[in-house]
Amino acid sequence: AARPRVLSGIQPTADSFTLGNYLGAVRNWVAMQDDYDAFYMVVDLHAITVEQDPATLRRRTRVAAAQLLAAGLDPQRCALFVQSHVPEHAQLGWVMSCLTGFGEASRMTQFKDKSAKQGSGAASVGLFTYPILQVADILLYQANYVPVGEDQRQHLELSRDLAQRFNGRYGKTFTVPEPYIVKDTAKIMDLQDPGAKMSKSAESPAGLIELLADPKVNAKKIRSAVTDTEREIRFDEVSKPGVSNLLRIYAALGERSIADLEQEYVGKGYGDLKKDLAELVTETFTPFKERTEQFLADEGKLDAILAEGGEKARAVAAKTLAEVYERIGF
Ligand code: ADP
Ligand code: NA
């Protein structure tokens with residue numbers, strides 16, 4: 001039987017992925033590439049929903065791809081590509097936007113959060129409609145599953161609604177995608193503000209573990225992570241969000257259970273936990289940073305990998321778009 005298809009993407013909006021990107025997305029992508037027919041992309045069309053400097057965007061797109069390869073994505077075992085290399089995303093995006101109600105799009109809460117950050121009236125129409133482009137991203141590949149974090153659930157719902165709407169109006173064309181929930185892919189929080197998710201587009205880098213940063217800088221950030229005035233190392237996201245975040249990171253990265261860690265740190269202090277976690281992060285990401293730099297050193301080879309991935313993706317995307325155009329009367 002054919003393997004179920006998965007589709008996921010990451011934005012080239014920073015010079016490094018964060019530990020949140022790694023534990024919440026990238027690591028799972030690597031784990032899924034054999035059991036699924038996997039399509040992974042660097043979503044540069046989504047990145048331009050906020051203004052980008054062209055040279056920076058081009059560099060960050062390569063840096064994102066290099067990190068995905070360094071994390072273990074194998075272009076022989078998945079399709080790894082750049083969204084703008086496949087023009088069908090924008091083409092199907094238009095069709096999908098004509099199928100979406102204005103009120104329906106207005107209910108997307110991410111726009112409210114993200115546009116608030118830009119100041120009144122400053123947000124682009126692209127930022128408003130980006131969930132619809134995301135729908136096109138998913139439906140183009142007839143994806144069965146989409147690994148999504150909690151923050152993206154509403155957009156997956158929109159994908160399901162629009163797939164069903166199109167199928168109902170024009171005949172069965174699209175696979176209706178399901179969320180793929182990874183067990184312990186809870187959100188990784190900002191080290192300085194454990195009420196907010198760790199995001200590569202955060203205003204301040206103080207609370208971010210950036211995978212390509214100097215390991216010493218990351219170790220220092222972990223040692224200065226916000227905790228609380230108690231002494232006990234215990235998982236309690238409500239009253240101890242900082243310590244709980246450190247435990248969660250440690251458990252995910254060290255493949256240990258949180259209960260096991262709580263046990264190990266009975267009678268020890270926050271300083272011990274931070275020191276050990278800093279070491280684990282250094283051990284894990286020093287070789288990752290080296291591998292990324294190796295992929296970046298050969299730009300020709302990196303671009304060739306992405307061109308090949310784009311061809312693989314386009315073969316599927318063009319087929320879906322042709323069927324869509326036929327059905328709507330083009
Ligand atoms: P960012 O918010 O860092 O710019 P993206 O929007 O590019 O990240 O999302 C890339 C992937 O990383 C998505 O699957 C998203 O759910 C995941 N992700 C981002 N931040 C976190 C986090 N703090 N914890 C867990 N997963 C995250
Ligand atoms: Na994001």
Side-chain angles (χ1 to χ4, degrees), residues 6-32 38-50 52 56-57 60-61 63-65 67-68 71 73 80 82-83 108-111 113-114 117-118 126-127 130-131 133-134 137-138 143 145-157 159 177 179-213 218 221-222 225 237 241-242 244-253 281:
V6 297
L7 180 283
S8 203
I10 190 157
Q11 300 192 66
T13 45
D15 287 319
S16 173
F17 291 162
T18 69
L19 189 57
N21 298 135
Y22 181 76
L23 293 175
V26 176
R27 188 171 77 156
N28 305 314
W29 295 7
V30 175
M32 292 174 87
F39 285 73
Y40 300 127
M41 55 182 181
V42 180
V43 291
D44 53 352
L45 295 180
H46 288 287
I48 64 162
T49 54
V50 298
Q52 303 291 335
T56 307
L57 179 61
R60 287 174 170 176
T61 298
V63 172
Q67 288 175 95
L68 293 173
L73 287 188
L80 171 62
V82 177
Q83 188 185 26
M108 297 295 126
T109 56
Q110 284 247 324
F111 176 72
D113 298 346
K114 291 191 176 184
K117 280 184 204 152
Q118 310 241 332
L127 187 65
Y130 104 89
L133 180 59
Q134 232 174 31
D137 297 339
I138 296 165
Y145 295 103
V146 183
V148 280
E150 212 38 62
D151 55 337
Q152 294 290 330
R153 246 175 194 283
Q154 204 187 20
H155 297 168
L156 189 69
E157 268 318 303
S159 304
Y180 178 91
I181 310 292
V182 194
K183 292 202 274 346
D184 31 48
T185 321
K187 262 202 282 189
I188 304 303
M189 311 309 276
D190 189 286
L191 297 180
Q192 287 302 314
D193 177 13
K197 85 161 192 173
M198 185 184 286
S199 171
K200 61 175 134 62
S201 31
E203 259 146 54
S204 157
L208 309 184
I209 297 300
E210 295 170 302
L211 305 187
L212 300 180
N218 280 335
K221 284 180 180 176
I222 292 170
E237 286 180 294
S244 300
N245 190 37
L246 295 176
L247 283 170
R248 189 196 296 293
I249 293 169
Y250 200 149
L253 212 52
V281 167

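Remember, it's 1-based here, ligands and their atoms both numbered in the order they're listed.
Annotation: Pro147 places no N or O atom under 3.5 Å from an N or O atom of ligand 1; distance criterion only.
Contact atoms of ligand 1 toward Asn21: 1 (P), 3 (O), 8 (O), 10 (C), 12 (O), 18 (N), 19 (C), 20 (N) (distance under 4.0 Å to a heavy atom of the residue). Annotation for ligand 1: atoms under 4.0 Å from non-hydrogen atoms of Gly24 are 25 (C), 26 (N). Proximity to Ser199 (heavy-atom distance under 4.0 Å) selects the following atoms of ligand 1: 1 (P), 2 (O), 3 (O), 4 (O).
Asp190 contributes no side-chain N or O that, together with a main-chain N or O of Ser199, makes up a donor-acceptor pair within less than 3.5 Å.
Within the set Pro12, Gly20, Gly9, Ser201, the minimum heavy-atom distance to atom 27 (C) of ligand 1 is found for Gly20. Comparing Met198, Gln11, Gln110 against atom 6 (O) of ligand 1, the shortest heavy-atom distance belongs to Gln11. Compare Met189, Lys187, Lys197 by their heavy atoms: the one nearest to atom 20 (N) of ligand 1 is in Lys197.
Of the charged side-chain nitrogens involved, none lies within less than 4.0 Å of a carboxylate oxygen, so that Glu237 and Lys187 do not count as a salt-bridged pair. With respect to the salt-bridge test (charged N to carboxylate O, under 4.0 angstrom), the residues Arg60 and Asp15 qualify.
Taking a 4.0 Å cut-off on heavy atoms, Ile10 registers as neighbouring ligand 1.
In this structure, the side chains of Gln154 and Gln110 stay at 4.5 Å or more apart for every pair of heavy atoms.
Side chain to side chain, Ser204 and Gln192 fail the donor-acceptor criterion of an N or O pair below 3.5 Å.
The proximity of Ala25 to ligand 1, defined as any non-hydrogen pair under 4.0 Å, is limited to the side chain.
Closest approach of Leu191 and Ile209 over heavy atoms only: CD1-CD1, 3.6 Å.
Within the model, atoms CZ of Arg153 and OG1 of Thr109 stand 13.0 Å from one another, a figure rounded to the nearest 0.5 Å.
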